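Here's the structure, in structure tokens; my notes come after.
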Amino acid sequence: MSEVSSPIRAVKGMNDVLPGEIARWHRVEKAFHETSQRYGYREVRTPIVEPTNLFVRSIGEATDIVSKEMYTFEDKGEAVSTGSPRGKMLTLRPEGTASAVRAYVEHQIHGQEGVTKWSYLGPMFRRERPARGRYRQFWQAGLECFGDPGPQVDAEMIDMVTGLLTSLGVQDIEVLVNSLGSRETRAKYRVALHDFLLPFEARLSEESKQRLKSNPLRVLDSKSPTDQEICTTAPSILDFLSPEDSAHFEELTSTLAALGTRHRVEPKLVRGLDYYSRTLFEIQGKGGELGAQNALCGGGRYDGLVQELGGPDVPSIGFAMGIERILLALPNEPVAPSVDVVVIPTEASLKIRAATILQAVRRAGCSAEGDLRGQAMKKQLARAEKLGAKFAIIVGPNEEARGVAQLKDMRTRTQEDVAFADLANALKRRLEGGPQ
Ligand code: AMP
């Protein structure tokens, strides 16, 4: 007896998006593309796999992403190349900024235009602990603006994404902003924060104890109530900013105020990537099914990164939003499927006729379905109802003999004979509501 093979399941934390859900995805993606275009951003598509070094150098060795979450593998074909142990290592991209900067430098875009505005949308990979709203493959839509030191462009970006979320129907959002200053500011602040936290070390969560050693700023991000309580009296990074950084931040908040973008200054906002400088922001959602993973979007300025990756000194800012999280924050209204017309042959001998009618109406730009398996007419009509068809084209032996089909309006239930050659045009006219 043959053994029944066990089904293969998707990788943990990586999800299928089935056709029933896709309309909601398309809605968010379309809104993102339209909004970015209105603000002057043009889409860029970079590879999903990049040299591991790209992420080590940009996101930072000590970050959670690089130290434990990346999907990295050896590219066997390249094994004999470069000499550097990491030269042959590749990684599934955990985020989009590093790739965008790499492409910007590689194609010397800085030599071609003063300000470059790019958008991207695609899957990202992080080996995080899966939970609602936190996956190992997730989709990000993001923007990068190279060449403008801000802070007006920073405010514009925050305002744009706030407007995008609101227009999509995401309710109850909070915009948090902070400034991380320069690399020197952060170095000084790191020492001060470390010194402040050290006496509390024994009370900190295990994760924060680790972070105290590797990256003390991330202790501020901790979700543990005790850690949070300890951090309430921690020094604020805003007190460490240079006069220039402070002026930049003040101008950011005044521009946001002038644009009417409600926001809250949160000095404990640090986020988990090393490349940020000055402006940092996060938009959190409270509604829908979001739960604990409430960061809908995060971004900030990364003024040193282009240079770090081999380009000139180009100030830049970017953000990314998680599509799955936005979908969780939105009301789950099922989007009914809808098709313009269903073609119904009443007998199996008319399947070829049905195929030619389907071809004609589809070529004319209408969405059309036909069941060419030889099902009974009643079943085919029931399917047309289920598909939300606006019209049905019914062809039986009688009609075939006369060279016509019945064009039936599914709402009014009226029908009339239309010659085969005129069907596509007649259908289009009726769909457009024009003269018949
Ligand atoms: P980041 O790249 O970490 O700044 O994250 C930007 C946004 O991507 C977050 O605000 C989330 O909406 C989304 N995101 C990040 N990590 C995940 C994940 N593991 N699963 C789902 N969405 C994520």
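One-based numbering, in listed order, for ligands and for the atoms of each. The structure displayed is predicted, hence computed values, not measured ones.
Under the 4.0 Å criterion applied to side-chain N and carboxylate O atoms, Arg264 and Glu174 are assigned as salt-bridge partners. The existence of a salt bridge linking Asp75 and Lys88 is excluded, since no basic side-chain nitrogen approaches an acidic carboxylate oxygen closer than 4.0 Å. Using a 4.0 Å cut-off between a side-chain N of Lys or Arg and a carboxylate O of Asp or Glu, Asp64 and Arg218 qualify as a salt bridge.
Nearest approach of Arg93 to Ser99, heavy atoms of both residues: CB-OG, 4.4 Å. Residue Ala392 comes nearest to Ile344 through the heavy atom pair CB-CD1, 4.3 Å, listed as atom of the first residue, atom of the second, then distance.
The shortest N or O to N or O distance between Met321 and ligand 1 is not under 3.5 Å.
Scanning the protein heavy atoms around atom 4 (O) of ligand 1, the nearest turns out to be Arg271 NH1, 2.8 Å. Ranking the protein heavy atoms by distance from atom 9 (C) of ligand 1 puts Ala295 O, 3.7 Å first. Protein heavy atom nearest atom 22 (N) of ligand 1, with residue, atom name and distance: Phe138 CD1, 3.6 Å. Protein heavy atom nearest atom 13 (C) of ligand 1, with residue, atom name and distance: Gly322 CA, 3.7 Å. The protein atom (non-hydrogen) at minimum distance from atom 20 (N) of ligand 1 is Tyr135 N, 2.9 Å.
Interface atoms of ligand 1 facing Glu128, defined by a heavy-atom separation under 4.0 Å, are 16 (N), 17 (C), 18 (C), 19 (N). Short contacts between ligand 1 and Cys297, defined as distances under 4.0 Å to a heavy atom of the residue, involve ligand atoms 10 (O). Counting the atoms of ligand 1 from 1 in the order shown, those under 4.0 Å from a heavy atom of Ala320 are 6 (C), 7 (C). The atoms of ligand 1 that sit less than 4.0 Å from any heavy atom of Gly133 are 20 (N), 21 (C), 22 (N).
Contact annotation: for Arg126 versus ligand 1, heavy atoms closer than 4.0 Å belong to the side chain alone. Contacts between Gln140 and ligand 1 below 4.0 angstrom, taking non-hydrogen atoms only, involve the side chain exclusively. Under 4.0 angstrom from ligand 1, the non-hydrogen atoms of Leu296 all belong to its backbone.
Residues forming a side chain to side chain contact (heavy atoms under 4.5 Å, CB included) with Lys12 (at least two apart in sequence, or on another chain): Pro130, Arg136. With sequence neighbours left out, Lys209 forms a side-chain hydrogen bond (donor to acceptor under 3.5 Å, both in side chains) with Glu206.
Ligand 1 is approached by Arg134 to a heavy-atom distance shorter than 4.0 Å.
Taking the six-membered ring where the residue is Trp, Tyr104 and Trp118 present perpendicular rings, their angle passing 60° and hence far from 30°.
Residue Gln375 qualifies as enclosed at atom CD: its count of foreign heavy atoms under 6.0 Å is above 12.
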